[in-house]
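Note that the structure is a prediction, hence the values are computed from the model and not measured. Each chain gets a letter, A, B and so on, in the order the sequences are listed, and its residues count up from 1.
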Amino acid sequence: DTGVSQDPRHKITKRGQNVTFRCDPISEHNRLYWYRQTLGQGPEFLTYFQNEAQLEKSRLLSDRFSAERPKGSFSTLEIQRTEQGDSAMYLCATWEGGVNTEAFFGQGTRLTVV
Amino acid sequence: GQQLNQSPQSMFIQEGEDVSMNCTSSSIFNTWLWYKQDPGEGPVLLIALYKAGELTSNGRLTAQFGITRKDSFLNISASIPSDVGIYFCAVKTSGTYKYIFGTGTRLKVLA
């Protein structure tokens with residue numbers, strides 16, 4: 001148990017529907033990342049927050065994707081008008097920010113768009 | 001896109017054998033990491049390397065941070081069935097502290 005909790009673990013949705021995922025970080029971890037992992041690939045960076053501020057977004061994060069971290073604690077990732085190409089594992093990771101320490105990843109949310 | 005290349009892509013080994021895999025980059029990075037990922041789970045950190053030339057062990061795992069800061073290798077000694085999984089190298093970028101992952105090495109252990 002890494003302490004980073006993601007919900008749901010699995011989501012099946014029809015193309016065109018909106019979906020929202022939640023990530024609860026390890027307490028007092030002020031850096032929170034979202035990654036996407038497709039089958040057979042390594043995780044790819046989507047976006048990250050420092051406290052409640054979203055500091056960077058990858059070009060992978062199209063305008064159908066939005067992420068929030070309203071109070072600097074939990075975060076949500078929403079995908080609007082889902083497409084089959086959105087099917088992937090969505091991973092959240094959080095980091096305390098200390099020297100020689102690293103982020104912990106959650107177990108991920110597996111999205112299948114049918 | 002991905003900046004880290006891992007080799008081999010996959011390997012089958014007999015239980016008890018030693019395993020070696022490596023990771024290379026065209027750019028210099030100051031933090032190199034090795035993760036293991038089981039099916040349906042998130043990556044779990046195995047070893048972190050912070051100094052060029054550093055050799056670090058974690059049980060049967062040993063990893064080295066290349067002196068050029070452009071590569072790293074991971075060795076697993078006396079493999080066991082639970083070593084099965086995908087091993088990813090990753091680097092942490094300076095300044096923005098983002099993680100970039102390699103393409104992965106899929107390990108299968110034959111009992």
> How about A/R15: does its CZ atom have over 12 heavy atoms from other parts shown lying under 6.0 Å from it?
Replying inline: no
>> Are there over 12 heavy-atom neighbours, none belonging to A/I12, within less than 6.0 Å of that residue's CD1?
In response: no
>> Check this for me: A/R31, atom CZ, are more than 12 non-hydrogen atoms of other residues, nucleotides or ligands nearer than 6.0 Å?
In response: yes
> Can you pull out the residues in residues 75-95 of chain B with any heavy atom less than 4.5 Å from chain A?
Replying inline: B/F88, B/K92
>> Minimum heavy-atom separation for B/P43 and A/L91, please, with both atom names.
In response: CD-CD1, 3.9 Å
> What part of A/A93 lies closer than 4.5 angstrom to a heavy atom of chain B: side chain, backbone, both or neither?
Replying inline: neither
> Side chain, backbone, both or neither: which part of A/T101 has a non-hydrogen atom closer than 4.5 Å to chain B?
Replying inline: backbone
>> Between A/Q37 and chain B, with a heavy-atom cut-off of 4.5 Å, which part of the residue counts as in contact: side chain, backbone, both or neither?
In response: side chain
> Can you tell me if B/Y99 uses its side chain to pair, donor with acceptor, with the backbone of A/P43 under 3.5 Å?
Replying inline: no
>> Would you say that B/F101 contacts A/Y35 through its side chain, given a criterion of any heavy-atom pair below 4.5 Å between the two side chains?
In response: yes
> Is the CD atom of A/E28 crowded by more than 12 outside heavy atoms at less than 6.0 Å?
Replying inline: no
>> Less than 4.5 Å apart, side chain to side chain, heavy atoms only: is that true for A/Y33 and B/Y97?
In response: yes
> Given the options B/G104, B/A48, B/G40, which has more heavy-atom pairs under 4.5 Å with chain A than any of the others?
Replying inline: B/G40
>> Hydrophobic cluster membership, with links at side-chain heavy-atom distances under 4.5 Å among I/L/V/M/F/W/Y: are A/F104 and A/Y90 in one?
In response: no
>> Does any part of the side chain of B/Q37, heavy atoms only, come nearer than 4.5 Å to the side chain of A/F105, both counted from C-beta?
In response: no
> Between A/R9 and B/E41, is any pair of side-chain heavy atoms under 4.5 Å apart?
Replying inline: yes
>> Does any part of the side chain of A/Y48, heavy atoms only, come nearer than 4.5 Å to the side chain of B/T96, both counted from C-beta?
In response: yes
>> Less than 4.5 Å to any heavy atom of chain B: does that hold for the side chain of A/E56, its backbone, both, or neither?
In response: side chain
> Can you tell which of B/D38, B/L45, B/L33 has the highest number of heavy-atom pairs within less than 4.5 Å of chain A?
Replying inline: B/L33
> Hey, does B/I100 have a side-chain heavy atom less than 4.5 Å from the side chain of A/E44?
Replying inline: no
